[in-house]
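If you're wondering where the values come from, they're calculated on a predicted model, not measured in any experiment. Within every chain, numbering begins at 1; the chains are lettered A, B, ... in the order of the sequence lines, protein sequences first and strands thereafter.
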Amino acid sequence: MDFKQVLSVYADSFNFALQFSTSLQSGKVMKLSPKAEEVATFFAKMLDHEYTTKEIFRKNFFKDWRKEMTNEEKNIITSLSKCDFTQMSQYFKAQTEARKQMSKEEKLKIKEENEKLLKEYGFCVMDNHRERIANFKIEPPGLFRGRGNHPKMGMLKRRIMPEDIIINCSKDAKVPSPPPGHKWKEVRHDNKVTWLVSWTENIQGSIKYIMLNPSSRIKFRINIESERKPSCTAKFRGEKDWQKYETARRLKKCVDKIRNQYREDWKSKEMKVRQRAVALYFIDKLALRAGNEKEEGETADTVGCCSLRVEHITLHPELDGQEYVVEFDFLGKDSIRYYNKVPVEKRVFKNLQLFMENKQPEDDLFDRLNTGILNKHLQDLMEGLTAKVFRTYNASITLQQQLKELTAPDENIPAKILSYNRANRAVAILCNHQRAPPKTFEKSMMNLQTKPKKNLASGVCDAFVYRIGSFSLTLDNIDVGSKPLIIDAKKEQLADARRDLKSAKADAKVMKDAKTKKVVESKKKAVQRLEEQLMKLEVQATDREENKQIALGTSKLNYLDPRITVAWCKKWGVPIEKIYNKTQREKFAWAIDMADEDYEF
DNA sequence: TAATCTGACTCAGAAAACTTGAA
DNA sequence: GTTCAAGTTTTCTGAGTCAGATT
C-alpha cells in the first residue's frame, strides 16, 4: 500500500481553472478549491466516455461534487451542463500523449520504479513462503462506474485513508507502519480468513480486501485439520481450486440420481417442491447462476435463476416446429443479456404455466423459492453441493466431451488448437460469457478483406454449430460476419508460386540439368510453405471470427478443470504453452503436475 | 423461528499495459 | 531497423455466491 503516493497527489493542487459559463453566451472562468477541483478532474478524465452522457451518472456526480465545494462555489456552480471540462480534459490527454512520447530511457525508469514498488509491497510471507499479493494497491478515489444501468453510477468513491484500514497478519509478524501522522483502523490476527487488508467502501458499504494471487500456495482457509497433515494438503498450490473441481467430480457420480429426483419432483403436490425442481432443472440444463435476492435500488436490476420474474420468460406451445419452447430474455451478472429459446419437457412447460398464473410481469416466477432453500436441499443430496457446482460440472464435462468429439487424430497442431478453442467456446456459450466485439474488429476485418467468401478450400471455415449436451445452441443473437481475407492475398501468392513451379518443371523437363532441378525443388518448397501459411491463416481467421463476441477467458480460468486440458495436451502432443499462457500455467501448476494423458474428469 | 444481514470468498468484463509482427 | 497497429496479457474493481451470525 503506498499511502505516500496517494497523499502527495491529494496535497498537490492541480492548478486548473475549471471553465464554466454562467450563461450560454458569456463564458466565465473560475478557480476551484483543491477538493472541488480534484473531484472535477475525475469527471474530466472520463469526458470522452459514454458514462458522462448518462443522466443518472451526471446527477449522482453533481450531487457528490457539490458536497466537496465551498459555499461560494456552491452558489456559483448550480448546473453541471453549464460547466465546461474541456480544458481539464485536454490537459490529461496531453499528459497521456506526453507519456507515450517519452524516450526509451524514461519509460525504462518508470518500469523500474514500478518493479521496485512491486518488490517492496507486492509480496508477503505465509508459512515461510514468499507469496505474491494479487491487488496490493489501495483503490484510488474516483467516480463509481457500475455495470449496466446502475443507480449509483457517477457517485464519488472517496479516498481510503490509513484510518479506514484493517491489517490482518500473524501475531509475530512485523506490522507495517502507517504513514507518518496516521494510524491504522485496526490490526488483528485472524488466521481463519485469507485476507491481509480490508476496508469498507463508501458506495455500497461493502468490504474490500487485499488477498493473495490465485497461483499462491493454498489459497484457502488454514484450518488446524490440514496443518496436521501437511504432506497431503500443503504440498501443492491452489488447493482451493482443486477442491472445487473435486466437488464437481463428485457431482458427476450422483448427477443421474439427482436428475431423476427433480424429474419426480415436477409432479410433487407441494408447490415449493415443484418450483425447486424446475429451477434446478434450469440450473442444470442451462448453467444458470443461483440468483440471490438483491436490494432494490442499490444495484442494477439483474437476475439469476431463483430471482427470475414472469417478464423474463415467454412460453411458446409451439415455435419453429418445436414443441414447448421457453424463451428466456433477462439481464444476468454484469448486466450481460441472456437470450435463449429452449425446448423443454412437457411437464416443465405445464409447471411454468402454473407458476405464472394470476401473476403480474414483475412478480417472481419462483415465489416459493430462494437460493437458501435451494442450496439447503442440494446439501442434503450431496455434501458440498450448491447451485454453482452445476455450472462447474457442466462446463468441465462439456469441455471433455467436446474435445473427444472435435479432435481429429491426424490434424496438425494449429488445427488441434482450433478444435480446443471450439470446445472452449462451446463452454463459454453455455455459460453465456460474452464480450463487446473489439472496437477495432470491423476495421481490422475490413483491412484484411477483399470480398467475403462462403467456403474456403480447406473447409475449416464452414459454419459451425455448437452442440452442447443434448441440444445444440444456435447463435441467434450473435452476429457472425463475413470472413477475414488477407487470405485472398496469400491465395494469389500461392497461385503465383504454383505457376512458377509448373514452368520450372517444364524447364527441367527440357534442360534436364542439376541447376533447373534445384530450381524445381526450391519452388516446391515455396509452394509448400505458402500452403502451410494459408492453412494457418484460415484457421486463425475462423477462430477469430467465431470468437467475436465470446469471451473464453472466464471459463478457462474459473470453470474448466485444468486437468482435462493438461491430459488433452499430453495425449495429442500439443505444447501446454499453446493453450495456457504464463499466468495460467502458474495458476494451474498443480494440474500440470498431476494429470497424465488418461485423466478423466 | 425464519428471515435478514454481514463477511469472505469466487467470478466477471473493461481497460490499461505490454508484446508481436507486418509494413 | 523503425514504426505502428493488432493481438495478448495483466490489472482493476465491480458483481455475484453462499455460509454463518444476528434479529
Side-chain angles (χ1 to χ4, degrees), chain A residues 46 49-51 96 99-100 104 107 110-111 114 118 122 134-140 142 144-148 150 152-153 157 166 168 190 192-195 198 200-201 203-214 219-221 240-241 243-244 289-295 298-300 302-307 331-336 370-376 378-379 384-389 391-392 395 428 431-436 438-441 443-445 447-448 484 486 489 540 543-544 547 549-559 580-584 586:
Chain A
M46 293 177 74
H49 203 287
E50 203 202 336
Y51 271 117
T96 311
R99 226 173 300 137
K100 267 193 207 155
K104 261 186 186 163
K107 280 182 182 166
I110 290 175
K111 203 179 166 192
N114 286 338
L118 173 70
N135 54 329
F136 66 94
K137 289 174 183 160
I138 291 283
E139 292 173 22
F144 176 78
R145 307 149 83 123
R147 310 261 169 87
H150 197 115
K152 298 193 170 185
M153 64 168 90
K157 245 177 73 162
I166 302 173
N168 186 36
D190 182 355
K192 299 284 181 290
V193 296
T194 66
W195 55 267
S198 75
T200 303
E201 138 296 335
I203 305 287
Q204 324 264 5
S206 65
I207 308 168
K208 296 259 184 166
Y209 303 94
I210 284 182
M211 292 183 182
L212 295 183
N213 220 33
K219 184 157 171 32
F220 82 127
R221 181 174 307 228
K240 205 71 187 294
D241 219 28
Q243 279 174 350
K244 176 174 76 182
R289 296 187 185 83
N292 285 315
E293 298 100 298
K294 312 203 295 179
E295 212 175 325
E298 291 292 303
T299 59
T302 62
V303 296
C305 186
C306 293
S307 50
L331 297 182
K333 184 178 181 179
D334 290 317
S335 294
I336 299 290
N370 61 43
T371 53
I373 295 170
L374 180 66
N375 279 333
K376 212 170 203 174
L378 292 177
Q379 191 62 238
L385 186 61
T386 63
K388 86 192 209 15
V389 178
R391 237 166 117 78
T392 311
C431 294
N432 201 40
H433 290 141
Q434 293 189 33
R435 61 167 182 172
K439 282 200 185 81
T440 54
F441 192 88
K443 204 182 111 214
S444 79
M445 281 301 180
N447 287 344
L448 302 180
I486 198 175
Q540 277 174 352
D543 211 22
R544 188 146 65 112
N547 228 24
Q549 290 174 57
I550 300 162
L552 299 187
T554 303
S555 52
K556 206 173 188 177
L557 226 54
N558 301 302
Y559 289 104
Y580 288 146
N581 66 31
K582 189 169 142 275
T583 316
Q584 291 161 344
E586 274 169 23

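- Proximity note for K208(A) (side chain, C-beta onward) versus dA19(C), dT13(C), dT17(C): the nearest is dT13(C).
- The side chain of N558(A) has dC11(B) as its nearest neighbour among dG14(C), dC18(C), dC11(B).
- Atom CG in L557(A) sits about 16 Å away from atom P in dA14(B), given to the nearest Å.
- Between the NZ atom of K556(A) and the P atom of dG13(B) there is a distance of 15 Å, rounded to whole Å.
- Map D334(A) and G384(A) each onto its nearest nucleotide of DNA chain C; the residue landing nearer the 5' end is D334(A).
- When the nucleotides dA15(C), dT13(C), dC9(B) are ranked by their closest atom to the side chain of N135(A), dT13(C) comes out on top.
- In this entry the distance linking CZ of R145(A) with P of dT13(C) reads 10 Å, nearest Å.
- Here dC9(B) is the nucleotide among dC9(B), dC18(C), dG14(C) with the atom lying nearest to any side-chain atom of K240(A).
- Out of dG13(B), dA8(B), dT13(C), the shortest distance to the side chain of T554(A) is found at dG13(B).
- Rounded to whole Å, the distance from CD1 on I207(A) to P on dA19(C) is 18 Å.
- Within the nucleic acid shown, G291(A) comes within 4.0 Å of sugar-phosphate atoms alone, with no base atom in reach, counting heavy atoms only.
- Side-chain atoms of K333(A) lie closest to dA15(C) of the nucleotides dA15(B), dT9(C), dA15(C).
- Across the protein-nucleic acid pair, N213(A) atom CG and dT10(B) atom C1' stand 14 Å apart, rounded to whole Å.
- Residue A387(A) is classed as a sugar-phosphate contact, given heavy-atom separations below 4.0 Å to backbone atoms only.
- Minimum atom distance to the side chain of K157(A) is reached by dT13(C), of the listed dT10(C), dT13(C), dC9(B).
- Among dG16(C), dT13(C), dC18(C), the nucleotide with an atom closest to any side-chain atom of T302(A) is dG16(C).
- Mapping Y51(A) and K244(A) onto DNA chain B via the closest heavy atom, the residue that lands nearer the 5' end is K244(A).
- Heavy-atom neighbours of K376(A) NZ from other residues, nucleotides or ligands within 6.0 Å: at or below the threshold of 12.
- The side chain of K388(A) lies closest to dC18(C) when the candidates are dA14(B), dC18(C), dA15(C).
- Between the P atom of dG7(B) and the CH2 atom of W195(A) lies a distance of 10 Å, rounded to the nearest Å.
- The side chain of H150(A) lies closest to dA15(C), out of dA19(C), dA15(C), dT10(B).
- For dG16(C), neither phosphate oxygen OP1 nor OP2 lies less than 4.0 angstrom from any side-chain nitrogen or oxygen of N292(A).
- For R147(A), no side-chain nitrogen or oxygen approaches OP1 or OP2 of dA15(B) to under 4.0 Å.
- Between the side chains of N292(A) and T371(A), at least one donor N or O sits under 3.5 Å from an acceptor N or O.
- Taking the nucleotide of DNA chain B with the nearest heavy atom to each of N114(A) and H433(A), the more 5' of the two is matched to H433(A).
- Put simply, K111(A) has no side-chain N or O that comes within less than 4.0 Å of OP1 or OP2 on dA17(B).
- Summarising the geometry, the separation between CE on M46(A) and P on dT13(C) is reported as 12 Å, rounded to the nearest angstrom.
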